[in-house]
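Let me begin by presenting the structure, written as C-alpha cells, before commenting on it.
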Protein chains: 2
Amino acid sequence: MEADANVSRRPLEQELVSRGVRMTHQRRLLVQIIQSADGHLDAVGLWQRAMQQDPTLNKVTVYRTLGMLKKLGLVDELDLMHLEGGKHYYEAKTTRDHIHLACTKCGRIQEFESSLFEKLKGQIERERQFRISTVRVEAGGLCDRCQE
Amino acid sequence: MEADANVSRRPLEQELVSRGVRMTHQRRLLVQIIQSADGHLDAVGLWQRAMQQDPTLNKVTVYRTLGMLKKLGLVDELDLMHLEGGKHYYEAKTTRDHIHLACTKCGRIQEFESSLFEKLKGQIERERQFRISTVRVEAGGLCDRCQE
DNA sequence: GTACTTGCAAAGATTTTGCTTCCAA
DNA sequence: TTGGAAGCAAAATCTTTGCAAGTAC
C-alpha cells in the first residue's frame, strides 16, 4: 500500500474501488461520514456517528479503516495541538492543504490557506530534496474573539 | 501559570527560578537533560536518561515536569508525524521556530528554518487577528537519501 | 472458493490522578 | 513551618493485536 500525494477529487468510495480495496458496508458507511463531515472527526466521534446507522459496527473497524485511509494518503491525521487529550482527528484530503489554528481558550478551530504555505513547501522540497507526502501545520494561541 | 512566547535564552533552570518555580533536584536534573539533549526526546527516553543519574526518579515526575514546562511555554511538544507510536517529543524552546521533516522510510528527523515560515506566521496573526503562542510544522515524506 | 475483513476480547502504549510522605524556601 | 512536589499504585485514555467467524469478489 503506497501513499499518494496526488489525491483525486473523486468521492472516497470510488477512489477506494479504483484502487482495488474491497468495499464492505462498514467501509462504505465510514467513508461517507468522513466525506460529508465538516471535518475534524476523531475516531470515537466517527464511531458514534456510524453507530447511529449501524449499531453493530465495532470501534476496532473504525481504527482499521482510518489506518487504511491514512496509509493510502486519503485522509490527513491532525492533533489540533492536543486541546483535548491525546486523540487524533481526521479529515478527507479533498481540499488544498491548509493550516489549522486552535484557540487554547475557546477551543475553536479555524482553517487558513495561504500561498506562502505553498511556497514554503516548495522551498523545502527544493532545498532539502525532501519529497513531502503530508504536511501538518498547527498553531495554538488566542483567536480574535478570545483576546484582551 | 501563563505561557510566554518570548522565551529568554537563559538556561532553563535560571528561567524557572526567576519565575518562582521551586527547584527540586529532580527538576534540575530533568531540565539539564532537556537542555543538553540534541532534541526530540520523548518522556520515557528522558526518564531513562534521568535514571542513570538518579535511579529513584519516577516516571510520573517526568510527565509532571514536562507538563509544567509546556504550560510555561519553555518546551515545544512535537509528534514527528507519529513515526513510532503515539508518543510526544519535547525540545527546549531556545532556538528560532523551525520545521521538522520526518522521513517515513528511515525515520531521520531534519530541521528546517525559513524566513517564509516567519512571514507565514505574520500573515496568520495579521489576517486572522490570531495571537500565536505555539506553532508546529511537521512534514512527512522521503528524505534525499531515501528516494528512488 | 478464497483471501480479506469484521467482531470480540484482550493487551499495549502513553499519560493522568489520588493520596501519602517529603522537602525547598 | 508549610505549601508545593515526589513517589507509588492505580486508573484513564487512546490504539493495536490475535483469532474465530463472516463476506466481497
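Letters A, B, ... are given to chains in the order of the sequence lines, protein chains preceding strands, and every chain is numbered from 1. Every value quoted in this text rests on a predicted model; they were computed, and no experiment measured them.
Side-chain contact annotation: B:T61 with B:Q26, donor-acceptor N/O pair under 3.5 Å absent. A:H88 and A:D42 are not linked by any side-chain donor-acceptor pair at a separation below 3.5 angstrom, with hydrogens and angles left out of the test. B:E111 and B:H40 form a side-chain donor-acceptor contact under 3.5 Å, judged by distance and modelled atom types alone.
The separation between A:H82 atom NE2 and C:dT14 atom P is 13 Å, rounded to whole Å. We find that CG of B:D42 is positioned 7 Å from P of C:dT14, with the value rounded to whole Å. Between A:Y63 atom OH and C:dT5 atom C1' the separation is 19 Å, expressed in whole Å. Atom CD of A:E84 is separated from atom P of D:dA12 by 19 Å (rounded to the nearest Å). The nearest whole Å value for the distance from the NE2 atom in B:H88 to the P atom in C:dT16 is 9 Å. Rounded to a whole Å, the CG atom of A:L83 is 17 Å from the C1' atom of C:dT15. One atom, CH2 of A:W47, and another, P of C:dC8, lie 10 Å apart when rounded to the nearest Å. Atoms CG (B:D54) and C1' (D:dG7) sit 11 Å apart, rounded to a whole Å.
The phosphate of C:dT6 has neither OP1 nor OP2 within less than 4.0 Å of any side-chain N or O from A:N58.
The minimum heavy-atom distance between A:L29 and A:A50, with the atom names listed, is CD2-O, 3.7 Å.
When each of B:G85 and A:T56 is assigned the nucleotide of DNA chain C bearing its nearest heavy atom, the one mapping closer to the 5' terminus is A:T56. Looking at which nucleotide of DNA chain C each of B:Y90 and A:R27 is closest to, the 5′-most match is held by A:R27.
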Could you go step by step and tell me if A:Y89 and A:H100 meet the side-chain contact (heavy atoms from CB on, under 4.5 Å) rule? CA-CA 12 Å; A:Y89 300 85; A:H100 290 91; over 6 Å; no
Run the side-chain contact (heavy atoms from CB on, under 4.5 Å) check on B:Q32 and B:Q53 step by step: do they pass? CA-CA 12 Å; B:Q32 278 166 5; B:Q53 298 198 230; 5.9 Å; no
Considering only distance and modelled atom types, tabulate donor-acceptor pairs under 3.5 Å from the side chains of residues 101-108 of chain B, sequence neighbours left out.
{"from": "B:T104", "atom 1": "OG1", "to": "B:G141", "atom 2": "O", "distance (Å)": "3.3"}
{"from": "B:R108", "atom 1": "NH2", "to": "B:D144", "atom 2": "OD1", "distance (Å)": "2.7"}

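At its two ends the helix from C:dG1-D:dC25 to C:dA25-D:dT1 runs along axes set 50° apart, each axis drawn from five pairs and the angle rounded to 10°.
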With B for base contact, S for sugar-phosphate-only contact and - for none (protein heavy atoms under 4.0 Å), nucleotides 18-25 of chain D reads B----BBS
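Under the 3.5 Å distance criterion, the side-chain polar atoms of B:Q147 are matched with a main-chain donor or acceptor of A:Q129.
Both tests pass for B:K121 against the ring of B:F117: distance under 6.0 Å to the centre and angle within 45° of the axis.
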